There are 2 protein chains.
Amino acid sequence: MPNAARRSERSRQAILESALALLHESGYADLTIEAIAARAGVGKQTIYRWWSGRGAVVLDALVEQAGASEPPPLPDTGDLEADLRPVIRAIVAELADPRLSATTRALTVEALTSETFAEQVRDRLLRPQLGTIVARLRSAREAGDLRADADLDQAVELLIGPMYHRWMLRTGPLTEAYADGLLDLALAALGAGQVAPGGGTARSIR
Amino acid sequence: MPNAARRSERSRQAILESALALLHESGYADLTIEAIAARAGVGKQTIYRWWSGRGAVVLDALVEQAGASEPPPLPDTGDLEADLRPVIRAIVAELADPRLSATTRALTVEALTSETFAEQVRDRLLRPQLGTIVARLRSAREAGDLRADADLDQAVELLIGPMYHRWMLRTGPLTEAYADGLLDLALAALGAGQVAPGGGTARSIR
DNA sequence: ATGTCAAGACGAGACGTAGCGTCTCGTTAT
DNA sequence: ATAACGAGACGCTACGTCTCGTCTTGACAT
């Protein structure tokens, strides 16, 4: 049980920076603890003392990077689809770029390997990142643009689940047009843009 | 380049069976080429001669297993949601069970690691398995239960993407209720959007 | 405030282990 | 005959633990 008060801040930062640099340069397969230690000018033990493995290092690095700049809330122009479109496009564009999505690839592999790691990714990275979308959806729901009983977490999942699936299994192109189409579909599911003449939303099929 | 005509069928089957058995017993992390070879009573070279790695072995094993019994087409009662519900429930149930989803976990990790492997999984396993759903959706589209311009591949992705995402990152429970709710949402997105004058069931989001 | 000092984190790297992928061996099957 | 086969040796890489001196830090004494 190491003493956190005596921890070397210099080493900590060097390790996190080296991990991200190596990940972008060589990919997750070549990201080893020994390579991180060598690049950071640090003993292996210093890494093992504070982290459980390479996945934990990468996660910490990304959390720190994200936490440095608090993400601004999405604009609320009253047009939900227009407000979300650039965000969805940006996520799709990031996934389409192998270099940019290297970190996501790494975290996903690790999440599939360890249950507790998946929970860490979810709580420390995914939830904060998607928080701005959830907030915008909430305001839309209050404005009556979404069904009153819409589950916001499930709504976000409906939006990003398909694109992650397409990214992982390469079931189709990750283009701007795809992003727009997916957003359109997801909002249709959530009852957005429905002008109900008589009162209730018109969304019944059978 | 080995001569496929002289290949040992006995060894081939022993390898595929051992791989699946070990995967279910110990998980993907402990699934090594050496363990497969030992269990199958086979030399390591016999595996490397015919497969590129453990991922390829698992994929072949699953393709063979799936190909043994051609999946029957889904029933077409005219009620799309009722016809799809048991399928979606079954997929969710499989993901909820760590033992049953061990193979999916393995394939996903491998797909994230290799582009060509992802394409193999998509073409040889995923597409055939989801084919029955696509067929049922096609018939629904022709019957006017779906938007005439609905993209069927994207429709399937909208259905299974969110549950894979939930499974990987543990963003929520994988229950029957979740399966039903997701199906409801996805069909709302794809629906013709017409008001059922008499007795259409209201779609709840959850 | 400033000096002293033990505790412990540090960089470096040796160590044993596991599994990789390649390479021989005889042996066996075609 | 020939080539795949079972078996396993081989060198390699990275793992995670450990043992060195060295350096830093916080606590205490002056």
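A note on names: the letters A, B, ... follow the listed sequences, proteins ahead of strands, and every chain is numbered from 1. In this text the structure is predicted, and so the values were computed from the model without any measurement. Side-chain atoms are counted along with the backbone in the values below, which use heavy atoms only and exclude waters and symmetry mates.
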Between B:A4 and A:A5, who's closer to the 5' end of DNA chain D by nearest nucleotide? B:A4
For the side chain of B:D83 and the backbone of B:T77, is there at least one donor-acceptor N/O pair under 3.5 Å apart? yes
Give me the first and last nucleotide of DNA chain C, going 5' to 3', that has any atom under 4.0 Å from a heavy atom of chain A. C:dA7 to C:dA14
Any donor-acceptor pair under 3.5 Å from A:R122 side chain to B:R170 backbone: yes
First of A:S11 and B:R6 reached from the 5' end of DNA chain C, by closest nucleotide: A:S11
From CH2 of A:W50 across to C1' of D:dG16 the rounded distance in Å is 18 Å
One should read off an interatomic distance between B:Q120 CD and B:L126 CG, to the nearest 0.5 angstrom, of 13.0 Å
Please list, in numerical order, the residues of residues 16-47 of chain A that have a heavy atom closer than 4.0 Å to any atom of DNA chain C. A:G41, A:V42, A:G43, A:K44, A:T46
Tell me if a side-chain donor or acceptor on A:T32 pairs with a main-chain N or O of A:A35 at a distance below 3.5 Å. yes
Any donor-acceptor pair under 3.5 Å from A:R105 side chain to A:M168 backbone: no
Please give, in whole Å, the distance from D:dC5 C1' to B:I15 CD1? 10 Å
Heavy atoms from other residues, nucleotides or ligands near CZ of A:R49 exceed 12 (cutoff 6.0 Å): yes
D:dA4 C1' sits how many Å from B:R10 CZ, rounded? 15 Å
Apply side-chain hydrogen bond (donor to acceptor under 3.5 Å, both in side chains) to the pair B:Q154 and A:Y178, showing each step before the final yes or no. CA-CA 9 Å; B:Q154 190 175 23; A:Y178 167 70; 5.2 Å; no
B:V156, B:D153, B:L125, B:V87 screened by side-chain contact (heavy atoms from CB on, under 4.5 Å) with B:L130, the one that passes: B:V156
